[in-house]
Novice: 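Dumping the structure here so I can ask a few things about it.
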Amino acid sequence: MPKIEIYELKRREEKEWDTYVLKHPNSTFFHQIGWRNVVQETYKHKPIYLIARENEEIKGVLPLFLMKHMIFGKRLISVPFGPYGGVCADNKKATHMLIEEAKRIVREEDLDYLELRSIEKHNSDLITNDLYVTFIINLDVNPQTVWNRMKRDRKRNVEKANKAGLEVEWDATIEEFYKIHARTMRDFGTPTHGLEFFKNCLREFPRNAKVLTVKYNGEAICCQFLFFYKDTVIAVWGSSLKEYKTYHPEQLCIWEVIKYGCEKGYKYFDFGRCLRNTGVYSYKERWGGYPKQLYYQYYLKNAKEAPNFTSMNPKRQKFASIWKKLPLKMTTAIGPLIRKEIP
């Protein structure tokens, strides 16, 4: 009887990996080799990409990154800087064997924990955090169909933005995006990725990544960084300058993305990750979408409990209150050094 073999990806198998991922119904954008390249090139974290093979055919994959830091600890993550990743496999046996190999690596490397970010819950002895969801909006060839499902206040605010003379620009420069994004993240009290990270995303995914900006009197005031995967448009990073809030640029931006997705034949708009029972959750819900559960699962070795990087963590709240008061030049310079270690 054929046995499943678990081993680390070889360079000559990278195209085969992506072919498997693109064909698998439960794969995600972040399973692609390109995401490995973005993370490795930007932050130098060590990738450990596992393959389950049987009868010379790939039966499953598990992208992992080894992250080691004196303060933040030693972790094995699938995948860092993305909302989901985890095991992508054909059956429970391959899934189980991939997870067991990941656990073995944690023990061998004497790490704190293993973290799997998944759209599926794996039946195992892993600790599960189910606080996160991502919102999905069903698209239609006729954008009006999606418009009709939106709550009245969303539609009213999009109309206000149009009346204010805001203009939408597709394929804006990454520098325009970053100028807004870095400032918005500082104001939220959150360290941001560096400009090079976003440049690497565009470099690795030239056909599947776009930057959208909204302008007022020729000045960019709102932006959205998008990924495109199979039949889905994914909102990855969005930012808006708070002094233009009354013009509702972020809502015009989201509507333009939805409309674009409809017109280009995409079936879904992934509105992005958020925590349940928060203002962001309520905001996204009013666009006519529905929550899709995410499962963050952990195997602990040296750590006593699962990590908590959520905005509800009192330590993070204290950090944010200090960070948002710092000069923008400072947060832009040192932010990526911190963000590198927050998966």
Side-chain angles (χ1 to χ4, degrees), residues 21-22 24-32 34-35 81-85 117-120 132-159 161-162 166 168-172 177 180-181 184 198 201-202 205-214 222-240 248-276 278-294:
V21 165
L22 289 169
H24 199 285
N26 293 329
S27 67
T28 74
F29 181 92
F30 302 95
H31 281 98
Q32 297 178 95
W35 191 249
F81 318 122
Y84 33 67
R117 303 175 175 184
S118 308
I119 58 175
E120 300 177 274
Y132 286 112
V133 300
T134 189
F135 260 88
I136 304 296
I137 295 176
N138 293 334
L139 303 181
D140 192 275
V141 291
N142 182 3
Q144 188 65 38
T145 301
V146 184
W147 178 267
N148 293 340
R149 293 199 302 261
M150 290 160 46
K151 297 297 183 182
R152 188 177 300 174
D153 59 334
R154 300 303 95 176
K155 291 186 279 190
R156 184 171 58 246
N157 289 341
V158 171
E159 291 168 349
N162 279 318
L166 302 188
V168 177
E169 181 179 309
W170 284 90
D171 295 317
F177 163 85
I180 301 168
H181 185 71
T184 302
F198 297 105
C201 287
L202 291 177
F205 302 101
R207 298 181 180 179
N208 300 101
K210 278 184 177 291
V211 176
L212 169 69
T213 61
V214 176
C222 177
C223 60
Q224 185 73 56
F225 198 113
L226 304 166
F227 286 147
F228 299 83
Y229 186 67
K230 295 181 179 178
D231 55 6
T232 304
V233 182
I234 308 168
V236 199
W237 299 283
S239 300
S240 185
H248 307 291
E250 75 287 350
Q251 297 188 48
L252 176 62
C253 191
I254 293 300
W255 170 244
E256 288 296 323
V257 172
I258 291 173
K259 191 166 64 171
Y260 179 90
C262 290
E263 293 169 349
K264 295 296 182 179
Y266 289 92
K267 294 182 179 179
Y268 307 102
F269 173 51
D270 186 335
F271 209 166
R273 186 185 73 173
C274 65
L275 289 167
R276 290 186 180 275
T278 61
V280 176
Y281 182 98
S282 300
Y283 172 84
K284 292 183 177 182
E285 194 173 34
R286 299 190 68 77
W287 286 86
Y290 54 91
K292 182 176 183 178
Q293 185 65 56
L294 300 179

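Residue numbers count from 1 along this sequence.
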Novice: Run the numbers on Val133 and Cys274 for side chain to side chain contact (heavy atoms under 4.5 Å, CB included), then give the verdict.
Specialist: CA-CA 6 Å; Val133 300; Cys274 65; 4.0 Å; yes
Novice: So do Gln32 and Leu22 actually touch side chain to side chain, heavy atoms under 4.5 Å?
Specialist: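 Yes - at least one pair of side-chain heavy atoms lies under 4.5 Å apart.
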Novice: Which distance, rounded to the nearest 0.5 Å, do you find between the CG of Leu139 and the OH of Tyr260?
Specialist: 12.5 Å
Novice: Just wondering, do Tyr229 and Asn208 contact through their side chains at under 4.5 Å, heavy atoms?
Specialist: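 Heavy-atom side-chain distance check fails, nothing below 4.5 Å.
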Novice: Under 4.5 Å between any side-chain heavy atoms of Met150 and Arg156, yes or no?
Specialist: no
Novice: Determine, for Glu256 against Lys259, whether the closest basic-nitrogen to carboxylate-oxygen distance falls under 4.0 angstrom.
Specialist: yes
Novice: OH of Tyr132 to CG of Leu294: how many Å apart, nearest 0.5 Å?
Specialist: 9.5 Å
Novice: How far does CZ of Arg273 sit from CZ of Phe135, to the nearest 0.5 angstrom?
Specialist: 14.5 Å
Novice: Name all residues meeting the side-chain hydrogen bond (donor to acceptor under 3.5 Å, both in side chains) criterion together with Tyr281; count only those two or more places apart in sequence or in a different chain, and write none if there are none.
Specialist: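 Once residues adjacent in sequence are excluded, Tyr281 has no partner under the side-chain hydrogen bond (donor to acceptor under 3.5 Å, both in side chains) criterion.
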Novice: Identify the two heavy atoms, one from Ala209 and one from Cys201, that lie closest to each other, and give their separation to 0.1 Å.
Specialist: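 For Ala209 and Cys201, the tightest heavy-atom pair comes out as CB-O, 4.5 Å.
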Novice: Test side chain to side chain contact (heavy atoms under 4.5 Å, CB included) on Asn162 and Leu252; report intermediate values, then the result.
Specialist: CA-CA 7 Å; Asn162 279 318; Leu252 176 62; 3.5 Å; yes
Novice: Phe198 and Val236: side chain to side chain contact (heavy atoms under 4.5 Å, CB included), yes or no, with the steps?
Specialist: CA-CA 11 Å; Phe198 297 105; Val236 199; over 6 Å; no
Novice: Check whether any side-chain heavy atom of Pro83 lies under 4.5 Å from a side-chain heavy atom of Arg117, and answer yes or no.
Specialist: no
Novice: Of the non-hydrogen atoms in Cys222 and Glu250, which two are nearest, and what is the gap between them?
Specialist: SG-CA, 3.5 Å
Novice: Where does the angle between the aromatic ring planes of Phe205 and Phe29 fall among parallel (under 30°), tilted (30 to 60°) and perpendicular (over 60°)?
Specialist: tilted
Novice: What are the two closest non-hydrogen atoms of Trp237 and Phe81, and how far apart are they?
Specialist: CZ2-O, 4.5 Å
Novice: To the nearest 0.5 Å, what is the distance between CG (Leu212) and CG (Leu226)?
Specialist: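 Going from CG on Leu212 over to CG on Leu226, the span is 6.5 Å.
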Novice: Measure the spacing between CG of Asp171 and OG1 of Thr213 and express it to the nearest 0.5 Å.
Specialist: 10.0 Å
Novice: Among His248, Gln251, Arg286, exactly one meets side-chain hydrogen bond (donor to acceptor under 3.5 Å, both in side chains) together with Asp153. Which residue is that?
Specialist: Arg286
Novice: Answer yes if the ring centres of Trp147 and Trp255 are under 6.0 angstrom apart, and no otherwise.
Specialist: yes
Novice: Could you tell me whether Lys230 atom NZ has more than 12 heavy atoms of other residues or ligands within 6.0 Å of it?
Specialist: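 More than 12 within 6.0 Å, yes.
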Novice: Side chains of Thr232 and Phe269, heavy atoms from C-beta outward: is any pair under 4.5 Å?
Specialist: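 Side chain of Thr232 against side chain of Phe269, heavy atoms only: no contact under 4.5 Å found.
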Novice: Any chance you could lay out the side chain to side chain contact (heavy atoms under 4.5 Å, CB included) test for Val146 and Trp287, step after step, and finish with the verdict?
Specialist: CA-CA 9 Å; Val146 184; Trp287 286 86; over 6 Å; no
Novice: Do you know which of Asn142, Asn148, Asp140 makes side-chain hydrogen bond (donor to acceptor under 3.5 Å, both in side chains) with Gln144?
Specialist: Asn148
Novice: With a distance cut-off below 6.0 Å to the six-membered ring centre and an angular limit of 45° from the axis, does Lys284 pair with Phe271 as a cation-pi contact?
Specialist: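 Ring-cation test returns yes.
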Novice: Please check if the number of heavy atoms outside Lys155 that lie under 6.0 Å from its NZ is greater than 12.
Specialist: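 Above 12, so yes.
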Novice: Using the side-chain hydrogen bond (donor to acceptor under 3.5 Å, both in side chains) definition, which of the options Thr134, Thr28, Asp270 pairs with Tyr84?
Specialist: Asp270
